[in-house]
Undergrad: 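Sending over a structure as structure tokens; questions will come in a sec.
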Amino acid sequence: MQAIDFFVKNEKVKSYRLIAGMFLLANLAAFGFLSFYEIYQTTAIAALLVIVVFTFVRWILFKRKLTTSWMDQWMYILPAICWAFLQFFIPVLICLIMGGLFISSYKKLHFRVDETGIQKMNIPRKLFEWNVFSNVILKDNLLTMDFKNNHLIQVEVEPVLHLEETKFNAMVAEKIQAASNNK
């Protein structure tokens, strides 16, 4: 059996971008506030300019369809660098943690179906062997995994080219039946 990869549609991308935008505005407000203090003034104003110019350039690239989004992990990394120049290390840490969460949230959930079972490929990886399922069905790009312990995972997946649902469902049913007979 050849491994079949399913990718779950990520419907929350707009929410992630909204959070990134609010985080960026909060950083800009903080740098604006620090620009009123004489000891931070030049660095804070430089941080404001760098972030605004970078965001404007990203927005232009997005409008010209040279990038898929103007909002990406740099909206967290750039403020972290600016905070480091100001020697405020707690905001650096917060920016880097938020950037890491942003990057991981953008990754699509990935399931691989093969001889051993169904494996969730994202971190943390997890293998569900065939003997834990009571049923697995793919219908209209909706993958339903029904476990024997009454746990249910149902996700809308991106279409897989050259995959016939009836053949896939028959193959999976055969694997589940064989695993149940081997108990």
Side-chain angles (χ1 to χ4, degrees), residues 1-27 55 58-79 94-183:
M1 169 186 177
Q2 182 181 350
I4 302 168
D5 292 320
F6 291 101
F7 294 93
V8 178
K9 292 182 179 182
N10 192 345
E11 303 289 338
K12 298 179 182 176
V13 171
K14 287 183 181 180
S15 299
Y16 302 147
R17 289 185 184 146
L18 177 66
I19 292 168
M22 291 187 314
F23 189 78
L24 184 65
L25 287 175
N27 277 295
T55 304
R58 291 288 300 179
W59 183 76
I60 288 174
L61 291 174
F62 173 68
K63 287 296 182 187
R64 292 186 179 171
K65 301 196 186 317
L66 297 174
T67 184
T68 56
S69 172
W70 67 275
M71 190 71 65
D72 60 3
Q73 66 271 14
W74 284 101
M75 297 302 156
Y76 296 97
I77 296 170
L78 200 57
I94 291 170
C95 288
L96 293 178
I97 289 171
M98 291 290 290
L101 291 172
F102 181 81
I103 291 169
S104 67
S105 68
Y106 253 76
K107 292 185 179 178
K108 293 180 180 179
L109 192 56
H110 178 193
F111 290 98
R112 176 170 287 157
V113 179
D114 60 17
E115 288 291 329
T116 58
I118 300 177
Q119 184 173 9
K120 183 175 93 52
M121 301 299 289
N122 299 71
I123 298 174
R125 286 188 176 210
K126 182 160 176 122
L127 173 65
F128 302 104
E129 294 180 354
W130 291 115
N131 61 355
V132 301
F133 294 107
S134 63
N135 200 5
V136 175
I137 296 174
L138 177 66
K139 178 77 171 143
D140 298 328
N141 297 326
L142 195 63
L143 181 64
T144 305
M145 295 174 270
D146 186 13
F147 294 82
K148 290 181 179 176
N149 65 357
N150 289 332
H151 185 73
L152 182 74
I153 297 176
Q154 190 172 46
V155 291
E156 185 177 358
V157 295
E158 294 177 347
V160 178
L161 296 175
H162 310 295
L163 178 66
E164 293 182 35
E165 289 178 354
T166 53
K167 286 183 180 178
F168 173 80
N169 291 336
M171 182 272 306
V172 168
E174 180 182 306
K175 294 287 181 191
I176 293 171
Q177 182 65 37
S180 295
N181 291 341
N182 288 340
K183 265 179 139 182

Undergrad: One pair to check against side-chain contact (heavy atoms from CB on, under 4.5 Å): Tyr76 and Leu24. What are the steps and the verdict?
TA: CA-CA 7 Å; Tyr76 296 97; Leu24 184 65; over 6 Å; no
Undergrad: So, using side-chain contact (heavy atoms from CB on, under 4.5 Å) as the criterion, who are the partners of Leu109 when residues are at least two apart?
TA: Val8, Phe111, Lys120, Asn122
Undergrad: Strictly by side-chain hydrogen bond (donor to acceptor under 3.5 Å, both in side chains), give each pair with a member in residues 158-174 just once, sequence neighbours left out.
TA: Lys108-Glu158
Undergrad: Nearest 0.5 Å, what's the NZ-CD1 distance between Lys148 and Ile176?
TA: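 Lys148 NZ to Ile176 CD1: 8.5 Å, rounded to 0.5 Å.
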Undergrad: Could you give the distance from CZ (Phe133) to CD (Gln177), rounded to the nearest 0.5 Å?
TA: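 Answer rounded to 0.5 Å: 15.0 Å.
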Undergrad: Check residues 134-142 and write down every donor-acceptor pair under 3.5 Å in which the side-chain atom is one partner and the other belongs to a residue at least two apart or another chain.
TA:
residue: Ser134; atom: OG; partner: Asp146; partner atom: O; Å: 3.2
residue: Ser134; atom: OG; partner: Asp146; partner atom: OD2; Å: 3.2

Undergrad: So how far is it from Met98 CE to Gln73 CD, rounded to the nearest 0.5 Å?
TA: 14.0 Å
Undergrad: Do Ile153 and Val155 have side chains that approach each other closer than 4.5 Å (heavy atoms only, starting at C-beta)?
TA: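 In contact.
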Undergrad: Taking the side chain as every heavy atom from C-beta outward, state whether Arg58 and Trp74 have any pair of such atoms under 4.5 Å apart.
TA: no
Undergrad: State, with a plain yes or no, whether a side-chain heavy atom of Asn131 is found less than 4.5 Å away from one of Ser180.
TA: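 In short, these two side chains do not touch, never coming nearer than 4.5 Å.
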Undergrad: Look up atom OG1 in Thr55 and atom CZ in Phe62, then write down how far apart they are to the nearest 0.5 Å.
TA: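 One finds 14.0 Å between OG1 of Thr55 and CZ of Phe62.
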Undergrad: Using side-chain hydrogen bond (donor to acceptor under 3.5 Å, both in side chains) as the criterion, list what pairs up with His110, not counting sequence neighbours.
TA: Asp5
Undergrad: Among residues at least two apart in sequence or on other chains, which ones pass side-chain contact (heavy atoms from CB on, under 4.5 Å) with Asn149?
TA: Phe147, His151
Undergrad: With a 4.5 Å cut-off on side-chain heavy atoms, are Met75 and Trp70 touching?
TA: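 When only atoms from C-beta onward are counted, Met75 and Trp70 do touch, with a gap below 4.5 Å.
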Undergrad: Would you please name every residue forming a side-chain contact (heavy atoms from CB on, under 4.5 Å) with Tyr16, sequence neighbours left out?
TA: Asn10, Lys12, Phe102, Ser105, Tyr106
Undergrad: Rounded to the nearest 0.5 Å, what separation is found between the CE atom of Met22 and the CG atom of Leu18?
TA: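 Nearest 0.5 Å value for the CE-CG distance: 4.5 Å.
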Undergrad: Compare all side-chain heavy atoms of Phe23 with those of Ile94 and state whether any distance is below 4.5 angstrom.
TA: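 In contact.
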Undergrad: At what distance, to the nearest 0.5 angstrom, does CG of Leu163 lie from CD of Gln2?
TA: 10.5 Å
Undergrad: Does the side-chain contact (heavy atoms from CB on, under 4.5 Å) test come out yes or no for Lys126 and Gln119, once each step is laid out?
TA: CA-CA 6 Å; Lys126 182 160 176 122; Gln119 184 173 9; over 6 Å; no
Undergrad: Which heavy-atom pair separates Asn27 from Cys95 by the least distance, and what is that distance?
TA: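 That closest heavy-atom pairing would be OD1-SG, 4.0 Å.
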Undergrad: Using side-chain heavy atoms (C-beta onward) and a distance below 4.5 Å, is Trp130 in contact with Ile118?
TA: yes
